[in-house]
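First comes the structure, then the notes that go with it.
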Amino acid sequence: MKLLRNFLISCVLAVTMTAGAPVRDATAQAFAEIGTGYIVANYNSLVTTYLLSQPPDSRPPKNVDGYARIFACPLVMEYYKNEFEWRKVRDNMNMSINRLDREYFSYYEFSGSVDLDPYDFEKEIFPLNVNATLQGVRLLNMFRYSTQSQRGEKNCAHAFNKGQQFIAAHLPTSFSVRLPTAINFKEIAMTPKEAERFVNTVMPHDKTNTRKVHIRFRVRLDAIADTRISGTIQEEVIFNGQLLEMDVFADKELTQHMTKIEL
């Protein structure tokens with residue numbers, strides 16, 4: 001039994017390092033100092049960043065248990081209901097988290113959409129719709145887990161009674177980044193020729209006559225700034241962070257690059 005436990009725990013490190021979503025254009029966008037690109041914001045990686053941002057000796061046991069739910073469900077299934085055995089597993093799990101590279105889990109990218117009003121020929125810009133302007137924005141949500149998805153098989157929900165099946169019983173379910181300075185973004189400059197090409201590519205909304213574009217944010221996460229509870233047990237983690245890049249794309253898949261926003 002001990003050999004099995006140690007073997008499974010030794011696998012956690014390797015599993016965690018490959019748990020994030022694929023890194024886009026890793027070669028072209030690599031950071032020389034860390035040897036990787038940006039992780040597309042996803043729950044498993046953000047949970048790892050959160051745990052690595054906590055002092056190892058004061059990580060809440062429930063958070064380590066949640067980490068085990070995601071990355072080592074067989075351990076949970078076998079040992080969780082024996083509190084003495086599980087305490088040993090939890091201690092080993094916590095040590096395995098300490099061996100992860102915090103710098104790797106610092107650089108993220110995520111996207112959101114905004115609507116553009118019709119092209120202004122005089123100013124040669126696409127104004128952002130009045131309901132979409134990013135004026136004075138300092139807090140950006142990177143990921144929010146829907147309640148319906150939290151108790152799926154991938155979160156080892158079947159190992160728990162009804163009250164603890166939701167991953168929110170053990171871990172935060174929303175992650176945001178707080179920027180040191182506000183974003184003020186209200187228009188996209190574009191030549192008439194470029195604007196015409198965009199207009200011919202993206203159809204306007206039938207009722208509002210706006211066109212949707214997608215903004216990719218690239219950030220570096222620093223220390224935890226705050227945690228807060230929304231609803232009953234839904235916890236949100238807010239990181240301090242730096243906005244490194246903002247790019248605008250014509251498509252949700254982020255393949256049709258339009259322009260880079262100067263920060």
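Along the sequence shown, residues carry numbers from 1.
- Phe166 is not connected to Met77 by any chain of hydrophobic side-chain contacts under 4.5 Å among Ile, Leu, Val, Met, Phe, Trp and Tyr, and they are in different clusters.
- Connection of Phe126 to Leu134 is established within a shared hydrophobic cluster, with ILVMFWY side chains joined at heavy-atom distances below 4.5 Å, either directly or through further cluster members.
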Test side-chain contact (heavy atoms from CB on, under 4.5 Å) applied to Tyr38 and Leu244, step by step: CA-CA 11 Å; Tyr38 296 84; Leu244 303 178; 3.8 Å; yes
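- Without hydrogens or angle criteria, Asn42 side chain to Val40 main chain gives a donor-acceptor distance under 3.5 Å.
- For the pair Phe110 and Arg216, the minimum side-chain heavy-atom distance is 4.5 Å or more.
- Taking CD of Gln242 as the reference point, atom OG of Ser106 lies at 12.0 Å (rounded to 0.5 Å).
- Of the possible donor and acceptor atoms, none in the side chain of Asp65 sits under 3.5 Å from a partner among the backbone N and O of Arg90.
- Not a single ring-ring contact (aromatic ring centres under 6.0 Å, His included) links Phe185 to another residue, sequence neighbours left out.
- Checked by atom type and distance alone, the side chain of Asp226 never pairs as donor or acceptor with a backbone atom of Ile238 at under 3.5 Å.
- Around NZ of Lys260, the count of heavy atoms belonging to other residues, nucleotides or ligands within 6.0 Å exceeds 12.
- Counting only residues at least two apart or on different chains, the disulfide (SG to SG under 2.5 Å) pairs with a member in residues 63-139 are Cys73-Cys156.
- The distance from atom NE2 of His257 to atom OG1 of Thr259, rounded to the nearest 0.5 Å, is 6.5 Å.
- Using a 4.5 Å heavy-atom threshold, the side chains of Glu78 and Val89 count as separate.
- Under the 4.5 Å side-chain criterion, counting only non-hydrogen atoms from C-beta, Ile97 is in contact with Arg59.
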Residue pair Ser176, Glu236: steps toward the side-chain hydrogen bond (donor to acceptor under 3.5 Å, both in side chains) verdict: CA-CA 7 Å; Ser176 299; Glu236 178 183 11; 2.5 Å; yes
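- A donor-acceptor contact shorter than 3.5 Å is absent between the side chain of Arg178 and the backbone of Leu139.
- To the nearest 0.5 Å, the span separating CG on Leu46 from CE on Met142 amounts to 5.0 Å.
- Nearest approach of Thr49 to Phe105, heavy atoms of both residues: OG1-O, 2.7 Å.
- Exactly one residue among Asn240, Leu140, Val137 makes a side chain to side chain contact (heavy atoms under 4.5 Å, CB included) with Leu179. That residue is Leu140.
- Tested against Leu128 for a side chain to side chain contact (heavy atoms under 4.5 Å, CB included), the candidates Asp117, Ile188, Thr210 yield a single pass: Ile188.
- How far CG of Asn184 is from CD1 of Ile261: 12.5 Å, rounded to the nearest 0.5 Å.
- Residue Leu52 holds its CG atom at 12.0 Å from CZ of Arg99, rounded to the nearest 0.5 Å.
- Between Glu196 and Lys193 there is no salt bridge, since no side-chain N of the basic residue sits under 4.0 Å from a carboxylate O of the acidic one.
- For the pair Asn82/Tyr79, no side-chain contact is recorded, criterion being any heavy-atom separation below 4.5 Å from C-beta on.
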Using side-chain contact (heavy atoms from CB on, under 4.5 Å), reason through Leu263 and Thr181 one step at a time and then give a plain yes or no. CA-CA 10 Å; Leu263 300 179; Thr181 57; over 6 Å; no
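- Linking ILVMFWY residues whenever their side-chain heavy atoms come closer than 4.5 Å, directly or via other members, leaves Leu51 and Met95 in distinct clusters.
- For Tyr43 against Pro172, the heavy-atom pair with the smallest separation is OH-O, 2.6 Å.
- When the side chains of ILVMFWY residues are joined at heavy-atom separations under 4.5 Å, either directly or via intervening members, Met203 and Val213 end up in two distinct hydrophobic clusters.
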Derivation of the side-chain hydrogen bond (donor to acceptor under 3.5 Å, both in side chains) call for Asn63 and Tyr50: CA-CA 10 Å; Asn63 288 170; Tyr50 168 63; 3.1 Å; yes
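- The neighbour count for Arg87 CZ, taken as heavy atoms of other residues, nucleotides or ligands under 6.0 Å away, does not exceed 12.
- Contact annotation: the side chain of Asp120 never approaches that of Glu187 to less than 4.5 Å [non-hydrogen atoms, C-beta and beyond].
- The shortest heavy-atom contact between Ile39 and Ser45 is CG2-OG, 3.8 Å.
- Following chains of ILVMFWY side-chain contacts shorter than 4.5 Å, one can reach Leu243 starting from Val177, so the two form part of one hydrophobic cluster.
- The aromatic rings of Tyr80 and His170 stand perpendicular to each other, their planes meeting at an angle above 60°, with 30° marking the opposite boundary.
- Because its NZ or CZ atom is both nearer than 6.0 Å to the ring centre of Phe160 and within 45° of the ring axis, Arg69 counts as a cation-pi partner of that residue.
- Asn129 places no side-chain N or O within donor-acceptor distance of the main-chain N or O of Leu116, the cut-off being under 3.5 Å.
- Considering all non-hydrogen atoms of both residues, Arg211 and Val202 come closest at NE-O, 2.8 Å.
- Ion pairing between Arg220 and Glu245 fails under the 4.0 Å rule for side-chain N and carboxylate O.
- Of all the heavy atoms in Gly241 and Asp222, the pair that sits closest is CA-OD2, 3.9 Å.
- Between Tyr67 and Phe71, the angle of the ring planes lies from 30° to 60°, which puts this pair in the tilted group.
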Test log, rule side-chain contact (heavy atoms from CB on, under 4.5 Å), inputs Gln256 and Met258: CA-CA 6 Å; Gln256 300 177 39; Met258 292 174 59; 6.0 Å; no
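- Of all the heavy atoms in Asn155 and Tyr145, the pair that sits closest is ND2-OH, 3.1 Å.
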Walk me through it: do Met246 and Ile183 pass the test side-chain contact (heavy atoms from CB on, under 4.5 Å)? CA-CA 10 Å; Met246 277 179 66; Ile183 297 173; 4.2 Å; yes
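- The NZ atom of Lys212 sits 4.0 Å away from atom OG of Ser113, with the distance rounded to the nearest 0.5 Å.
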